[in-house]
Amino acid sequence: MLKFPIYLDNHATTPMDPRVLEAMMPYFLDSFGNAASRNHSFGWVAEEAVEKARKQLADVIGANSKEIVFTSGATESNNLAIKGVAEMYAQKGNHIITAATEHKAVLDTCKRLEKHGARVTYLPVQTNGLIDLDQLREAITDKTILVSIMYGNNEIGTIQDIPAIGKICKEKGILLHTDATQAVGKVPVNVISDNIDLLSFTAHKMYGPKGVGALYVRRKSPRVQLTAQMDGGGHERGMRSGTLNVPGIVGFGAAAALCQKEMAEESARHAFLRDKLKDKLMAELDETYINGTMEHRLPHNLNISFAYVEGESLLMGINDIAVSSGSACTSATLEPSYVLKALGAGDDLAHSSIRFGIGRFTTEEEVDYTAAKVIDVVRKLRELSPLYDMVKEGIDLSKVEWSAH
Amino acid sequence: MAYSDKVLDHYNNPRNVGNLDKKDPNVGTGLVGAPECGDVMKLQIKVNPETGVIEDAKFKTFGCGSAIASSSLATEMLKGKTVDEALQIKNTLIVNELSLPPVKIHCSVLAEDAIKAAITDYKAKSATPATAQTA
């Protein structure tokens, strides 16, 4: 039995796994202690739970427990990593390299640093969504202190070649930060083999609770230092003050352990459902384009543009399915997705894009229903579309003089 | 985002979708907007040359639900009006009728532009003798 609405927006957030909630429950009422209380059992119980979670998180990325710093989420982790490095290594240099398709938590952090005298290079991406490694090498100067490139993209699912990027950074003695929010728990991530120095991730993208994240900070070869961005009691080895969110952290740890245990099976299932959705849509609808490479892609991500159909009107027609669009009309800024624009596909394809995110609780029946519904609504909207008519008449839309408004 | 019932009604049951023969001297065609802006409206009117009354109107729209609803409503408003009356249709009328929120006002502006463009096209055609057009 299908239950509506169907949730296919798992890049925005994931539902909690009931097993995660179960793990968290005792830490709301009975075991409510402050993990920093050293003199009584309430504190010890909380601390023990936090340390167990720290180990679970370290394990999922191949790190050591002592390298995990708890935060409020990936946005804070990104801020702490980039601002913390910029401040700590200011003597060494002021140049940061990132990419055009990064999350705003990275881009806007870099923009703020630019106002304070940092120099930032925003690498373009190729049409497949990947950065060009030669361009990265060329962008490095003797003032470069940090490269920040995301692991898996939140819109188009593109997985950057982090091991190769890490190798380049290591050779040059530059730190590598990666925003791995969408990747951890979904694809194998290993801070040792990938040569990662700092890594941001969060619980609510991996079936854990909202409001808790972590930053991996490498302790050995090299030992990475950060200037704290929040002053207070000196928690988390002085890098992030603030009383720990014990239930959240317990949930984060449980969520990570489940992801790690089930990753191989789960990612295969996600890829199967994703590919089924893609194949059905591509077989039934012409003028349909996949945004970003299929080759290096998160297994649960699909981002498709249905040409000559505007994204918000498509969302309106499939209102029993929760997805996102890169259309301007669906964004707060009324600008189409900057990630899709960075692929060079043109604004019109960004306006026509839909992001589907498969999740742990997505069923094959839901995918079949979604494919049929999208096909039906796209056909209906193309009946309404003057552009689709014009193209069928053989008119080249790029040659038409439009009255831009 | 919540849509008004009227927007939903026009989106689900768009009125007067289709094309009129743009070569017909009594048909005026307006094409406004741009694909990279996310909305394009094509609005056509068929005018009775004797009475100046708009006898038929058709639209096709690429755009959000509010843009579709605005153009659908515009075709309903046009039918039965004279060309001069049609020129008086203001976007605010569409805003009120559809209860459009502020971020969607540009959809109604585009619909007004489409009406004006269709009428301008019709007038340009009817000012030219039909024989001259075929030349």
Side-chain angles (χ1 to χ4, degrees), chain A residues 287 305-319 324-337 340-341 344-353 376-378 380-393 395-405, chain B residues 1-4 7-20 22 29-44 58-72 75 91 100-114 116-117 120:
Chain A
E287 303 267 7
S305 288
F306 303 95
Y308 320 122
V309 169
E310 195 276 332
E312 189 190 326
S313 67
L314 179 50
L315 293 192
M316 213 170 148
I318 56 169
N319 60 358
S324 289
S325 169
S327 151
C329 288
T330 62
S331 77
T333 56
L334 292 181
E335 279 293 321
S337 155
L340 297 178
K341 283 171 79 165
D347 281 13
D348 41 348
L349 281 181
H351 285 295
S352 301
S353 71
D376 182 51
V377 175
V378 167
K380 183 187 143 198
L381 290 170
R382 280 181 174 172
E383 286 287 304
L384 278 182
S385 172
L387 304 178
Y388 194 62
D389 270 358
M390 291 166 85
V391 170
K392 293 284 147 192
E393 280 170 40
I395 298 170
D396 180 351
L397 296 181
S398 65
K399 302 264 158 58
V400 177
E401 259 188 58
W402 298 103
S403 56
H405 55 286
Chain B
M1 193 183 317
Y3 302 96
S4 71
V7 169
L8 286 173
D9 179 37
H10 278 280
Y11 173 82
N12 290 318
N13 310 291
R15 330 289 200 257
N16 308 309
V17 176
N19 299 305
L20 297 170
K22 61 185 170 214
T29 302
L31 182 69
V32 296
E36 60 267 26
C37 300
D39 34 28
V40 174
M41 284 182 192
K42 188 178 92 168
L43 196 144
Q44 293 182 300
K58 296 274 184 208
F59 86 95
K60 286 217 171 187
T61 290
F62 161 80
C64 65
S66 303
I68 291 170
S70 295
S71 37
S72 170
T75 58
N91 80 295
L100 294 181
V103 293
K104 294 297 182 189
I105 286 175
H106 73 276
C107 299
S108 68
V109 173
L110 202 60
E112 185 188 321
D113 290 350
K116 295 210 157 63
T120 304

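Here is how names work: the chains are called A, B, and so on, in the same order as the sequence lines, proteins then strands, and each is numbered from 1.
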Heavy-atom closest pair, residues G33(B) and W402(A): O-CE3, 3.4 Å

On a heavy-atom basis, which atom in V17(B) and which in E383(A) lie closest, and how many Å separate them? CG1-O, 4.1 Å

Heavy-atom closest contact (Y11(B) atom, K380(A) atom, distance): O-NZ, 3.5 Å

Can you list the residues that meet the side chain to side chain donor-acceptor pair (under 3.5 Å) rule with S313(A), with sequence neighbours excluded? none

Can you tell me how far the OG1 atom of T61(B) sits from the CD atom of E310(A), to the nearest 0.5 Å? 11.5 Å

Whether over 12 other heavy atoms sit under 6.0 Å from E401(A) CD: no

Between P35(B) and chain A, which part of the residue has a heavy atom less than 4.5 Å away: side chain, backbone, both or neither? both

Partner chain A: residue of G63(B), A117(B), A67(B) with the largest heavy-atom pair count (under 4.5 Å): G63(B)

Out of D348(A), L384(A), D347(A), L349(A), return the one with the most heavy atom pairs under 4.5 angstrom to chain B. L384(A)

How long is the gap from CD on E312(A) to OG on S66(B), to the nearest 0.5 Å? 6.0 Å

Portion of N319(A) that has a non-hydrogen atom of chain B nearer than 4.5 angstrom: neither

Is it true that the NZ or CZ of K42(B) lies under 6.0 Å from the centre of Y388(A)'s six-membered ring and within 45 degrees of the ring axis? no

Heavy-atom side-chain proximity of V7(B) to M316(A) below 4.5 angstrom: yes

At their closest point, which heavy atom of H351(A) faces which heavy atom of E36(B), and how far apart are they? NE2-O, 2.7 Å

